[in-house]
Amino acid sequence: MKDLLSLLAVWSIVLSGLALLVGLFLIRRGDRVNHPRAMLTATALAALFLVFYLTKWALYGTTAYGGPEAWKGVYYFILITHTLLAALNGPLALYVIWRAFRKEFPLHKRWARVLVPIWLYVALTGWIIYLVLKRYGVETGTITF
Ligand code: HEM
């Protein structure tokens, strides 16, 4: 169950990043009908990631890094920036969508251009963290309620 939740979480964040790239490609081609569809799909996948991740966290606790010492600093840098930017990503995405639905497109575009690189970084580092912990993860124990 734990491995399945990890797999579902990582795939939903990776697919969310891919849907984001599709949405970007569509709007660059001037497709205002399918751009919102791709972006709302990306948002739904990111929300799914949160559900899978939090379920796994509640049931099984966290996994610590147990790999080579030389890479520890790099791993924690990635983990901390990933977590902080993921927390920022949610409210920023809602703000960008809200501006679009209100047809305030200059503001939508301005903040979307900040949001897109953050989102891609979160998706990419999510995948990296998953692979590192699969190889070097150490269980820290289950949280009991
Ligand atoms: C998280 C969701 C979304 C993201 C990340 C996003 C991202 C973007 C980006 C980056 C651009 C500018 C593209 C460029 O550089 O030329 C853009 C433009 C645009 N977006 Fe979105 N978008 C999202 C959701 C939506 C939604 C829900 C709608 C419609 C209700 C929408 C409608 C548009 C339109 C019409 C433009 C073109 C505006 C113009 O050129 O004046 N977007 N979006």
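Remember, it's 1-based here, ligands and their atoms both numbered in the order they're listed. In this chain, residues are counted from 1 in sequence order.
Residue Leu115 forms a side chain to side chain contact (heavy atoms under 4.5 Å, CB included) with just one option from Leu88, Leu120, Val96, and that option is Val96. Partner Trp11 forms a ring pair (Phe, Tyr, Trp, His ring centres under 6.0 Å) with one of Phe49, Phe52, Trp127 and no other, that one being Trp127.
Note that CG of Leu26 and CZ of Arg32 are 13.0 Å apart. Values are rounded to the nearest 0.5 Å. Summarising the geometry, atom CG belonging to Leu85 is positioned 11.5 Å from atom CD1 belonging to Ile80; distances are rounded to the nearest 0.5 Å. We find the OG1-OH distance between Thr55 and Tyr60 to be 10.0 Å, quoted to the nearest 0.5 Å. Atom CD1 of residue Ile13 and atom OH of residue Tyr53 lie 11.5 Å apart, to the nearest 0.5 angstrom. Rounding to the nearest 0.5 Å places OH of Tyr75 at 13.0 Å from OH of Tyr136. Here the straight-line distance linking atom CH2 of Trp119 with atom CG of Leu24 works out to 11.5 Å at 0.5 Å rounding.
Interface of Leu115 with ligand 1, defined as ligand atoms under 4.0 Å from a residue heavy atom, comprises 5 (C). When each atom of ligand 1 is checked for a heavy atom of Leu24 under 4.0 Å away, the hits are 10 (C). Counting the atoms of ligand 1 from 1 in the order shown, those under 4.0 Å from a heavy atom of Phe101 are 30 (C). Close approach to Trp119 involves these atoms of ligand 1, each under 4.0 Å from a residue heavy atom: 1 (C). Below 4.0 Å from some heavy atom of Arg28 lie the following atoms of ligand 1, by number and element: 14 (C), 15 (O), 16 (O). Atom numbering of ligand 1 starts at 1 in the shown order; those under 4.0 Å from a heavy atom of Ile97 are 1 (C), 2 (C).
Comparing Arg99, Arg32, Glu104 against atom 39 (C) of ligand 1, the shortest heavy-atom distance belongs to Arg32. For atom 28 (C) of ligand 1, the choice among Ala112, Ala93, Pro106, Ala100 with the nearest heavy atom turns out to be Ala100.
Scanning the protein heavy atoms around atom 36 (C) of ligand 1, the nearest turns out to be Ile27 CD1, 3.5 Å. The protein atom (non-hydrogen) at minimum distance from atom 29 (C) of ligand 1 is Pro36 CG, 3.4 Å. Nearest non-hydrogen protein atom to atom 16 (O) of ligand 1 is Arg113 NH2, 3.4 Å. Counting only heavy atoms of the protein, atom 2 (C) of ligand 1 lies nearest to Met39 CB, 3.4 Å.
Across Ser16 and Leu45, no two heavy atoms sit closer than the pair CB-CB, 3.6 Å.
Between NE2 of His108 and NE2 of His35, the angle at atom 21 (Fe) of ligand 1 works out to 180°, rounded to 10 degrees.
Below 3.5 Å of separation, one finds an N or O of Lys109 facing an N or O of ligand 1.
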